[in-house]
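I have placed the structure first, in the form of structure tokens, so that the comments after it can refer back to it.
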2 protein chains.
Amino acid sequence: MIKNSEFIEKLRISGLRPTKQRLKICEVLFNREKTFHFTINDLAKIISDRLSEKISLATIYNTVHAFKNKGYLKEISINSDKSYFDTNTTDHHHFFDEDNSELIDCDKDNIDPINIKKNITGKKINSIEVLIKVASDNQTQN
Amino acid sequence: MIKNSEFIEKLRISGLRPTKQRLKICEVLFNREKTFHFTINDLAKIISDRLSEKISLATIYNTVHAFKNKGYLKEISINSDKSYFDTNTTDHHHFFDEDNSELIDCDKDNIDPINIKKNITGKKINSIEVLIKVASDNQTQN
DNA sequence: AAACTATATTATAATTATTCTAAACTGTTG
DNA sequence: CAACAGTTTAGAATAATTATAATATAGTTT
């Protein structure tokens, strides 16, 4: 259970003003045992369910992007119509369960280190992401 | 240089009626030396530049999805606001050049085979995709 | 090849995700 | 506690995609 004062401190350090909206969003995102995968829509729904006062959707977008830019959230590459974010910002990969569109962490040591033998000339590798798409074993194939 | 009659045959076999729109789209997509990465918008632009008659955007969407469902195109996972497709449907990976949002094939033998040690229970692995995000070496970091 | 039927195309409207805007508001600093 | 800069907000704007419903076309049957 993280205290509000800790969030305030974190935000200050990052140069983000600790507004009450940002603090509520911090509570929702970071007061958890496990890492949390979400879309903006998921987050907006949780907030509107849990809170008496509303937070505008634009603010949720702004805040999530601010947190991402400061490195507190990671954006995950899935081919989809929406963006997924992850509170686990360490270097790791993902399973994507196609049955319910759910993202699941894939421990780094579940996959041997990925070594790119030849990179594009003149470019620097910013990230290497592995996405393992899975679905029910008994599912009919299309 | 693939002949129209071959496209007609391919479409027939797949249970797709070889309409003139679909044949034009086949020409644009599959009469190429190298594999082709594109968004719907890219494709629509090429078609409207190259053709005298227009093909409706809805038809382009329908056709691309039909081709994808028949396995002639692959959809690629990039976190982005639009979908990318690939005429190379073999098992391979991608570089994504963040400088110009360009997708580049990554030869399969450029990365050692990826072995998932522990899979999610009760699920079957449908695909494993690696996305290597790169950018100019001299780029300022954000 | 005319008629028929199923499928495809089209323009347009609808939907969904996201960003922009401009006004009102609120933390922070002096 | 006043002033300023950074934030929030509702709503408009944009962009990608999907749905709709009328029209057109391909393949098949006569």
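In this text the structure is predicted, and so the values were computed from the model without any measurement. Heavy-atom basis, side chains included; hydrogens, waters and symmetry copies ignored. Naming: A, B, ... by sequence-line order, numbering from 1 per chain.
With 3.5 Å as the limit, one finds no donor-acceptor pair spanning the side chains of B/Y84 and B/S77. Looking only at atom types and distance, the side chain of A/N126 has a donor-acceptor partner in the side chain of A/K124 under 3.5 Å away.
Of the side-chain N and O atoms in B/Y61, none sit less than 4.0 angstrom from OP1 or OP2 of D/dT18. For C/dG27, neither phosphate oxygen OP1 nor OP2 lies less than 4.0 angstrom from any side-chain nitrogen or oxygen of A/R12. Phosphate proximity of D/dT8 to A/T19: present, with a side-chain N or O under 4.0 Å from OP1 or OP2. Of the side-chain N and O atoms in B/T59, one or more sit less than 4.0 angstrom from OP1 or OP2 of C/dT10. In this structure, A/R22 reaches the D/dT7 phosphate: one of its side-chain N or O atoms is under 4.0 Å from OP1 or OP2. Between A/S83 and C/dT18, a side-chain N or O to OP1/OP2 separation shorter than 4.0 Å is present. Contact between the side-chain N/O atoms of B/Q21 and the OP1/OP2 oxygens of D/dT25 is not found at any separation under 4.0 Å.
Of the residues near DNA chain D, B/Y84 and B/K20, the one whose nearest nucleotide (by heavy atom distance) lies more toward the 5' end is B/Y84.
When distances are taken from the side chain of B/N62 to each of D/dT9, C/dT9, D/dG6, the shortest belongs to C/dT9. When distances run from any side-chain atom of B/L57 to the nucleotides C/dG27, D/dT17, C/dT10, the shortest one goes to D/dT17. Among the nucleotides D/dG27, D/dA10, C/dA11, the one closest to any side-chain atom of B/A58 is C/dA11.
The residue A/K54 sits close only to the backbone: its heavy atoms come under 4.0 Å of sugar-phosphate atoms, none of a base.
Between the base of C/dT7 and the side chain of B/R17 there is a donor-acceptor pair shorter than 3.5 Å.
With respect to B/K123 and A/D99, a salt bridge is recorded, a charged nitrogen being found less than 4.0 Å from a carboxylate O. Using a cutoff of 4.0 Å between basic side-chain nitrogens and carboxylate oxygens, B/D105 and B/K34 are not scored as salt-bridged.
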